[in-house]
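What you see is a predicted model, and the numbers here were worked out from it, not measured in a lab. Whatever order the structure lists them in is the order used to number ligands and atoms, beginning at 1.
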Amino acid sequence: MTMTTEPILKVENLTIDVPMAQGTLHAVRGIDFELRRGETLCIVGESGSGKSLTSLALMGLLPKKMRCKAARLDFSGVDLQRQTPKAMRALRGDRMAMIFQEPMTSLNPAYTIGDQLMEALLLHRPVSKAEARERAVELLGKVGITAAESRLGQYPHQLSGGLRQRVMIAMALMCEPELIIADEPTTALDVTIQAQILRLLADLQREMNMAMILVTHDLGVVARIADKVVVMYAGEVVENGSAREIFENPRHPYTQGLLRCIPVPGKTKPGEHLGSIPGIVPSLIGKVEGCAFRSRCELAEDACSSSVPVRRPGADHAYRCIHDVPGGAPA
Ligand code: ADP
Ligand code: MG
């Protein structure tokens, strides 16, 4: 990847508020990141930290009741905050595409795989049906589906979960998007199939030189494929940097906690959860002040309840903590 090119995606101070009966939920609170063509950014963080809402905001798919604003939300020269719903629909599936956790939410049970794949192309490109069909077969091949021709006439329910997720990937790639966002794309699948599908995604990302955002809680996967890592906690980015910096020199106590929980082959039992740091995430309803991690943090002190500085241990590395935390892999 060339680090000198302009970022394809620039996110600055992205904030997402959710109006609730009890008050406003500050689900995403001022996050920043950048991504270049050919790069893979992994977003990690436990459930509820705002990873999915961030992904949906980029795609213009947030539920209407949510309020989203950003100092900057630029994709390839397009200001995403100024696009009409129609313009966003034109971008989605064409220049940017998303793969969701559960393929059945994106695949229509009433249409064949072939029709849905072809539709993804016909919607955005002036191609004939025959050309769209040819591309569908080509993409099914690329995602490792054998006898692709004969799959075209099948309906989603006739496929296994793993095959459906491959079809979803093929569909997302029909128009060769510049940016692909995969939100925990394999969580619903069994472990061996998860690994195959993530490897496939990483290969296709490289082959097509796409920018990719992968939301995952599999840190083993992050270690293998991420160029950059964003660590989210309770709606904030608590640490971000190059994958190398994050793994070799993690600073934020939450990141260090996550890395301590990396599965060890032969030791970690399947299905064992990552990030089992004791304690609970604070409520993000109403006023949120100070470091959200302080109730679970070994280093917490009184000062953590007021504003938290961003520290920059390197050009390519930042974390949010009142302490100058020593780096280095945790014990
Ligand atoms: P993650 O993907 O990291 O697990 P989400 O982005 O889905 O987290 O959610 C962030 C926060 O927003 C959570 O507190 C979640 O409960 C809340 N949230 C997400 N979707 C909705 C919704 N449709 N209505 C109300 N709250 C929501
Ligand atoms: Mg999610």
Side-chain angles (χ1 to χ4, degrees), residues 9 11 13-33 40-70 73 80 96-106 161 165 168 172 180-189 194 197-198 201 212-219 221-222 226 228-240 246 252 254-255 257-258 261 271 273-277 279-289 291-296 320:
L9 182 68
V11 178
N13 203 10
L14 172 68
T15 300
I16 303 169
D17 284 343
V18 186
M20 309 268 279
Q22 315 92 298
T24 300
L25 173 76
H26 301 286
V28 172
R29 298 177 291 119
I31 72 171
D32 307 295
F33 57 83
T40 296
L41 168 80
C42 286
I43 306 184
V44 300
E46 63 198 69
S47 185
S49 54
K51 307 179 301 294
S52 292
L53 292 188
T54 299
S55 308
L56 292 171
L58 296 174
M59 297 292 293
L61 288 173
L62 281 176
K64 274 208 184 67
K65 65 169 181 175
M66 297 193 186
R67 290 189 302 263
C68 168
K69 55 177 207 284
L73 207 58
L80 293 177
M96 51 161 71
M98 186 153 172
I99 301 166
F100 295 91
Q101 181 172 329
E102 179 37 71
M104 284 315 268
T105 57
S106 317
Q165 200 53 295
M168 274 302 308
I180 186 146
I181 303 179
D183 185 1
E184 306 202 33
T186 59
T187 311
L189 305 173
Q194 288 191 13
I197 295 212
L198 288 168
L201 251 184
M212 176 157 84
I213 297 178
L214 174 67
V215 177
T216 176
H217 37 229
D218 188 334
L219 288 170
V221 167
V222 177
K228 289 175 164 176
V229 180
V230 160
V231 183
M232 288 188 73
Y233 184 80
E236 276 186 321
V237 174
V238 293
E239 181 157 10
N240 71 62
I246 297 294
H252 196 282
Y254 177 62
T255 313
L258 279 181
C261 307
H273 272 268
L274 285 180
S276 46
I277 304 165
I280 49 161
V281 183
S283 161
L284 300 178
I285 294 178
K287 206 166 178 179
V288 184
E289 269 179 323
C291 176
F293 188 60
R294 68 183 184 273
S295 61
R296 298 167 77 179
R320 206 180 273 273

May I ask you to decide if Val215's main-chain N or O and Glu184's side chain share a donor-acceptor pair within less than 3.5 Å? no
Using distance alone, determine whether Ser49 and ligand 1 share an N or O pair under 3.5 Å. yes
Tell me whether Met232 reaches ligand 1 (any heavy atom closer than 4.0 angstrom to a ligand atom). no
Begin from the C-alpha positions of Glu239 and Ile246 and carry the test side-chain contact (heavy atoms from CB on, under 4.5 Å) through to its verdict. CA-CA 8 Å; Glu239 181 157 10; Ile246 297 294; 3.6 Å; yes
Quick check on contacts: which atoms of ligand 1 are under 4.0 angstrom from a heavy atom of Ala27? 11 (C), 12 (O)
Can Asn240 and Val231 be said to form a side-chain contact (heavy atoms from CB on, under 4.5 Å), step by step? CA-CA 6 Å; Asn240 71 62; Val231 183; over 6 Å; no
How far is atom 8 (O) of ligand 1 from the closest protein heavy atom, and which atom is that? Gly50 N, 3.2 Å
Which ligand 1 atoms does Val18 reach within 4.0 Å, using its non-hydrogen atoms? 25 (C), 26 (N)
Mind checking whether Leu25 has an N or O less than 3.5 Å away from an N or O of ligand 1? no
Would you say atom 15 (C) of ligand 1 touches the protein, meaning some protein heavy atom is under 4.0 Å from it? no
Under 3.5 Å: donor-acceptor pair, side chain of His26, backbone of Gly286: yes
Tell me whether Gly48 has any N or O atom under 3.5 angstrom from an N or O of ligand 1. yes
Please find the pair of heavy atoms, one from Leu14 and one from Ala70, that lie closest to each other, and give the distance. CA-CB, 3.9 Å
Is there at least one protein heavy-atom neighbour under 4.0 Å from atom 20 (N) of ligand 1? yes
If only atom types and distance count, is the side chain of Lys51 paired as donor or acceptor with the main-chain N or O of Ile43 below 3.5 Å? no
For atom 6 (O) of ligand 1, the protein heavy atom that lies nearest, with its residue and separation: Leu53 N, 2.8 Å
I'd like to know if the side chain of Arg320 reaches the main chain of Val237, judged simply by a donor and an acceptor atom lying under 3.5 Å from each other, with no hydrogens or angles considered. yes
Evaluate the side-chain contact (heavy atoms from CB on, under 4.5 Å) criterion for residues Ile16 and Arg67: first the C-alpha distance (whole Å), next the side-chain angles of each, then the deciding distance (0.1 Å), finally the verdict. CA-CA 6 Å; Ile16 303 169; Arg67 290 189 302 263; over 6 Å; no
For a distance under 2.8 Å, tell me if Ser52 has an N/O/S atom near the Mg ion (ligand 2). yes
Going by atom types alone, do Tyr233 and Arg296 pair a side-chain donor with an acceptor below 3.5 Å? yes
For atom 7 (O) of ligand 1, closest protein heavy-atom neighbour: Ser52 CB, 3.6 Å
If we number the atoms of ligand 1 from 1 as shown, the ones under 4.0 Å from a heavy atom of Ser47 are 4 (O)
Polar contact flag for Met66 and ligand 1 (N/O pairs, less than 3.5 Å): no
Atoms of ligand 1, numbered as shown, that sit under 4.0 Å from any heavy atom of Lys65: 24 (N), 25 (C)
Using modelled atom types and a 3.5 Å cut-off, is there a donor and acceptor pairing between side-chain atoms of Asp17 and backbone atoms of Thr24? no
